[in-house]
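All remarks here apply to the structure that follows.
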Protein chains: 2
Amino acid sequence: MADQVTLRDVAQLAGVSVATASRALSGAVGRTVRADLRARVLDAAGMLNYSPNAAAQAMVRGSTSTVALVVHDIADPYAAAVAAGVMATAARRGLMVTVAATGSDPEVEVRHVEMLRRQRARAVILGGSRTADPFVQQRLDLELSGILADGGSVASIGQDTLPVHTVRIDNAGGARSLATSLVGLGYRRFAVLTGPESWLTSEDRLTGFQAGVEAAGAALAPESVMSTQFSRDGGYVAMAEMLDRDPGAIADVDAVFAVSDVMAVGAMAALRDRGHHIPGDVAVAGFDDIGMLRDVRPALTTVRLPLERIGSRALELALDLRPAEAEDRATPVVETVTGEVVVRASTPGRN
Amino acid sequence: MADQVTLRDVAQLAGVSVATASRALSGAVGRTVRADLRARVLDAAGMLNYSPNAAAQAMVRGSTSTVALVVHDIADPYAAAVAAGVMATAARRGLMVTVAATGSDPEVEVRHVEMLRRQRARAVILGGSRTADPFVQQRLDLELSGILADGGSVASIGQDTLPVHTVRIDNAGGARSLATSLVGLGYRRFAVLTGPESWLTSEDRLTGFQAGVEAAGAALAPESVMSTQFSRDGGYVAMAEMLDRDPGAIADVDAVFAVSDVMAVGAMAALRDRGHHIPGDVAVAGFDDIGMLRDVRPALTTVRLPLERIGSRALELALDLRPAEAEDRATPVVETVTGEVVVRASTPGRN
DNA sequence: GTGAAAGCGCTAACAT
DNA sequence: ATGTTAGCGCTTTCAC
């Protein structure tokens with residue numbers, strides 16, 4: 001491994017002390033270094049292709065220029081959109097973003113947060129759905145309080161279950177509004193494809209939808225709710241299973257709500273593969289309004305979430321609302337984002 | 001900012017020296033620390049919720065546990081898939097991934113690489129298309145050689161235009177095969193929607209397609225090639241423009257090749273909005289085989305690229321084939337990935 | 001097996 | 001305005 005070019009080398013070549021070299025390069029507030037010296041330093045740095053060592057700077061400054069984002073799977077367009085928002089805001093502030101994927105394993109999430117804590121990331125954004133596992137939760141809490149104690153900050157996206165700044169997504173409210181809209185369009189008999197039960201995001205969407213349906217005087221039979229993976233294939237498999245379990249049952253359903261657009265698309269494929277026409281035979285609705293899915297036909301009725309915005313906001317909350325004093329750990333701020341129902345061709349009026 | 005818990009605190013609480021504490025925690029190969037002392041240290045660390053400072057470790061070890069990925073836009077499913085591959089391999093090796101988005105601006109790319117160099121990332125993966133700008137290219141070269149000089153490594157994805165390990169994507173070959181397939185299906189008169197001209201990925205796909213068309217005895221008129229943004233909306237706008245420019249011209253085209261799936265989807269929407277039926281009136285083909293687009297109808301004919309695999313491989317090349325000696329900078333390895341033509345319903349046989 | 005001490009590259013007092 | 005020097009938190013010789 002070649003010897004790195006250090007500030008000492010630059011200073012030497014420029015014929016100044018390391019202090020002067022540092023001042024010339026890091027250019028503190030007042031230009032406290034003579035123009036000709038500064039120029040010599042800059043030249044020397046250029047000659048040597050010098051690059052300051054961020055780790056060394058972090059040591060002495062006591063803070064890094066890195067933030068972190070934890071998601072389930074970056075290939076999921078939901079996570080990718082959030083990441084784009086976080087990265088845009090980070091770039092605007094000259095920060096780099098470390099992204100960690102958990103594969104939806106809370107255990108892995110904790111390990112990643114632990115690594116991110118070691119990096120002393122200025123902020124850690126928890127972008128994946130919270131789960132209900134109390135044991136892992138406790139270890140996570142420990143890491144998070146450690147981050148706070150070290151002067152970092154934390155923000156969470158989705159559920160407001162952690163004592164940190166949160167961009168809360170009103171999943172229940174959005175799903176409820178969706179249900180209301182669908183009932184308004186004339187739908188009465190629903191089936192729901194939901195995610196893993198421990199996963200709060202899908203649970204909230206399920207219960208919200210249920211509430212909306214019931215408020216409208218309709219009902220959601222337990223056997224018409226199917227739990228599956230939070231993915232396209234999960235949607236496909238669950239829909240297929242539901243259809244195969246009782247081929248006649250679908251005749252009793254006039255709309256399927258999949259708790260995410262990605263799942264909805266899978267469900268549509270399963271429906272089609274079994275000869276059902278959408279929306280003629282059965283309507284389908286999703287949640288999220290994933291941009292990349294805008295062109296599936298029939299266009300998907302869904303609940304729009306400003307995902308990029310949510311990512312940006314989460315970072316802003318973390319960065320701008322850092323706990324004031326060590327002892328007076330500032331009260332976490334919770335900002336709620338409500339989705340907007342977007343009715344499209346997949347759920348035409350049934351009047 | 002609260003005082004961080006340092007190794008000194010842990011050692012003190014455990015009643016040992018920092019050296020012993022370090023050995024107990026970092027646990028070198030041979031367990032050279034007595035069991036009871038190690039236990040005391042571990043306990044103390046637990047009590048204090050201690051987290052080693054990665055920057056300090058990096059300083060003394062001379063290497064970080066971070067790798068970096070540079071892409072145009074993480075929300076683009078192409079980049080997201082590559083990122084998923086990089087992150088999976090990184091996780092397997094206990095490394096974190098810093099992701100930087102350039103917004104397709106070569107200038108921004110250079111700045112990000114510069115920042116990543118400061119972080120002393122072990123490897124930097126350039127995941128975006130190379131461009132033809134010689135000036136920026138030169139500054140990029142400087143940063144890259146700096147990374148190498150500092151003991152880091154670099155890998156590039158796409159074009160083999162940089163003196164670094166490369167997962168070369170045979171864009172030209174894939175596009176050529178696609179053209180051959182389309183001609184085989186009976187198509188003769190093509191229109192092409194391509195990306196920015198300085199962008200090598202789209203240029204290669206265009207010229208490859210052109211070569212394939214010509215090899216088959218057909219031709220591609222210059223006016224039937226339209227340059228646009230490498231995005232869904234770019235595809236839409238370009239297609240719309242082409243249709244509006246000369247509403248009759250489309251009658252002379254029996255297949256549109258968009259140089260990416262994402263653009264193809266936009267093109268399909270524009271075609272439909274103007275009343276053209278796909279594939280009845282005109283066929284459409286793309287490139288990449290983006291999984292999330294699997295469910296658009298008609299299913300898109302395309303060239304499949306193993307994007308995740310490509311990401312993984314790029315990181316493996318960078319990590320496992322580091323330059324041996326400073327002076328003997330190892331010859332960069334170039335691995336070529338060839339796409340596979342996948343014919344689907346958007347280009348039925350015209351026989 | 002354990003501890004003392006020397007740095008890693010840099011910035012920020014503190015002198016001058 | 002510039003140089004000297006003391007660390008930042010950690011690992012790793014080097015003695016014992």
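Residue numbering restarts at 1 for every chain, and letters A, B, ... go by the order of the sequence lines.
- Not a single donor-acceptor pair, N or O on each side, falls under 3.5 Å between the base of C:dG1 and the side chain of B:R38.
- In this structure, B:R8 places its CZ atom where only 12 or fewer heavy-atom neighbours from other residues, nucleotides or ligands lie under 6.0 Å away.
- Minimum atom distance to the side chain of B:R23 is reached by D:dT13, of the listed C:dC10, D:dT13, D:dG9.
- At a threshold of 4.0 Å, the pair B:R313-B:E316 counts as salt-bridged, since one of the basic side-chain nitrogens sits closer than that to a carboxylate oxygen.
- Near-neighbour residues of DNA chain D inside residues 6-16 of chain B, defined by a heavy atom below 4.0 Å, number-ordered: B:T6, B:L7.
- Taking the nucleotide of DNA chain C with the nearest heavy atom to each of A:A56 and B:A21, the more 5' of the two is matched to B:A21.
- Between A:R139 and A:E143 there is no salt bridge, since none of the side-chain N atoms of the basic residue sits less than 4.0 Å from a carboxylate O of the acidic one.
- Candidate nucleotides C:dT11, D:dG9, D:dT11 were compared by shortest atom distance to the side chain of B:Q4, and D:dG9 ranks first.
- DNA chain D lies under 4.0 Å from no heavy atom of any residue of residues 110-123 of chain B.
- The CG atom of A:L25 sits 9 Å away from the P atom of C:dC10 (whole-angstrom rounding).
- Each of B:A19 and A:V18 was matched to the nucleotide of DNA chain C holding its nearest heavy atom; the match closer to the 5' end belongs to B:A19.
- Atom C1' of nucleotide D:dC10 and atom CE of A:M59 are separated by 7 Å, given to the nearest angstrom.
- When the C1' atom of C:dG1 is taken as reference, atom CG of B:L37 falls 8 Å away, rounded to whole Å.
- Side-chain N/O atoms of A:S17 include one lying less than 4.0 angstrom from OP1 or OP2 on D:dG3.
- Here the nucleotide nearest the side chain of A:Q57, chosen from C:dT2, C:dT11, D:dT11, is C:dT11.
- When each of D:dT11, C:dC10, D:dT2 is scored by its nearest atom to the side-chain atoms of A:V33, the top-ranked nucleotide is D:dT2.
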